[in-house]
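Below, chains carry the letters A, B, ... as their sequence lines are ordered, and counting in each starts from 1.
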Protein chains: 2
Amino acid sequence: MSIQKKDDVTYELIIKTAKRLLFKEGRFNVTTQEIADAAGINRTLINYYFRSRDALFELVLQNAVEEEEKRREMIVFSNLPIREKLETFIDYYFEQAKKYPYREVYIVTQMNSESICKLNNKDHIKRLTEKFFLELEHEMEKGNIQKMEPIQFVLNFISMLILPVCMRPLLQNSFDLADEGYDNILANRKEVILKSIFKN
Amino acid sequence: MSIQKKDDVTYELIIKTAKRLLFKEGRFNVTTQEIADAAGINRTLINYYFRSRDALFELVLQNAVEEEEKRREMIVFSNLPIREKLETFIDYYFEQAKKYPYREVYIVTQMNSESICKLNNKDHIKRLTEKFFLELEHEMEKGNIQKMEPIQFVLNFISMLILPVCMRPLLQNSFDLADEGYDNILANRKEVILKSIFKN
DNA sequence: TTTGCGCTTGACAATTTTGTCAAACATAAA
DNA sequence: TTTATGTTTGACAAAATTGTCAAGCGCAAA
């Protein structure tokens, strides 16, 4: 968008509000009117700044995907040893998850949209994963991690990290836990995950 | 609904189609027209059999929640040893996930709806989880499972089982995998999970 | 102050989605 | 063949959501 020149506070406010309703409150079929009300602005401004509802949502989605990629790269390119890499990744995830717990879920629900598949630079991904997988295999050789296909290890790790957050309503309800109780459980996840993954 | 008397094939077809679009294809904001088209019926029939869109969706949602509860109870009430219990649960999950991979995700996105919170018989849940948690602690004492809070063990287990399925689009895209490749990975999940959870 | 430019607003139109209803249809019983 | 009951349909109405537009507003520069 090249419309805004001096005052883009409204522009940012709309995006921020849309993200909040989508990624934090999980209201995936929120209307433009609801976004406008939550932002305390006139609904027409959404069309003024973003042309259409779809354009706004597309922007927010792309932004979310880029954040995911950024996180993914971070874990590989840092020169920390494996354990510290994973710890950093966990901290980073929980930090973002506190703000936007449903970001990944929303991305999944929008994955059919073709516009989302263009991003992944395949060569880049290949290099990323291969580098990280080698590090994992090396760590398995050393006996610090149980031997398995690296991709399976990553799936285990990502799963244990993300699912208790993104399915919190279902899980909290299933075990009949109060907010505080579930918060405490989440606060212990980092340690639990690390202990589950590393043998020593 | 007490409307249908002789012919409830249409009634069931509508539910089946709605479930397919919601839980299998993940189109969470599908319209009644789209459901009708997919089912090859007139849209008005949805109102005829279910009164309103909301009523249909509510029915499908309740049904999904009940299936979840059924699965949860199954794992506790069977008199199998822990390992076999978990194995049975894994098999059962994958069997249903092949049909409806997004069922849990949809439930999560609808958790704000008050109607969903009425179901959980709290005493029942308490008894279920306490019984199962005791079994887990016993298994930890025997050294077959790493010691941790039982709830954390369950979270680990559920996470490793569900997330690779319900976030398949995101993960498959992230690692740039073809359908067949990801299918193979999923096929190995059972063994991977069991090896990750049990020490021997 | 006046002018210009971007921002904001309310009213309106267009579109999409949902709900209603009377009539047509199918089929089995009388 | 009628009759009755339940099913299906298309047309219409209602509601909700989105998009457009001209006019008004705020504020800085001339």
What is the distance, to the nearest angstrom, from the [atom1] atom on [X] to the [atom2] atom on [N]?
X     : N      : atom1 : atom2 : answer
B:F57 : C:dT17 : CZ    : P     : 12 Å
A:Q33 : C:dT17 : CD    : P     : 18 Å
A:E34 : D:dA16 : CD    : P     : 12 Å
B:R53 : C:dT20 : CZ    : C1'   : 18 Å
B:L13 : D:dT7  : CG    : P     : 14 Å
B:I14 : C:dT18 : CD1   : P     : 14 Å
A:F50 : C:dC7  : CZ    : P     : 12 Å
B:D8  : D:dT7  : CG    : C1'   : 12 Å

Among C:dG19, D:dT7, D:dT20, find the nucleotide with the atom closest to the side chain of A:N47.
D:dT20

Closest to the B:T32 side chain: C:dT18, D:dG19, C:dT8?
C:dT18

Check A:Y93, A:Y100, A:Y92 against A:Q96 for a side-chain hydrogen bond (donor to acceptor under 3.5 Å, both in side chains) and give me the one that passes.
A:Y92

Kindly state whether the ring of A:Y11 and the ring of A:F50 have centres lying under 6.0 angstrom apart.
yes

Could you tell me whether A:Y106 and A:F28 have their ring centroids closer than 6.0 angstrom?
yes

For B:K199, check side-chain contact (heavy atoms from CB on, under 4.5 Å) against everything at least two apart and list the hits.
none

Could you please spell out the steps behind the side chain to side chain contact (heavy atoms under 4.5 Å, CB included) verdict for B:F94 and B:R189?
CA-CA 10 Å; B:F94 275 118; B:R189 286 301 294 169; 3.8 Å; yes

Is the backbone N or O of B:V76 less than 3.5 Å from a side-chain atom of B:K85, with the two atoms forming a donor-acceptor pair by type?
yes

Going hydrophobic residue to hydrophobic residue with side-chain gaps under 4.5 angstrom, can you get from B:I82 over to B:L134?
no

Listed pairs, N/O of protein and of nucleotides 9-14 of chain D, under 3.5 Å:
from	atom 1	to	atom 2	distance (Å)
D:dT9	OP2	B:N42	N	3.3
D:dG10	OP2	B:N42	ND2	3.1
D:dG10	O6	B:T44	OG1	3.1

With respect to B:R71, which candidate in B:E73, B:E68, B:E69, B:E67 satisfies the salt bridge (charged side-chain N to carboxylate O under 4.0 Å, His left out) definition?
B:E68

So, with a heavy-atom separation below 4.0 Å from DNA chain D, the residues of residues 17-29 of chain A are none

Checking A:R168 against A:Y182: charged group under 6.0 Å from the ring centre and within 45 degrees of the axis?
no

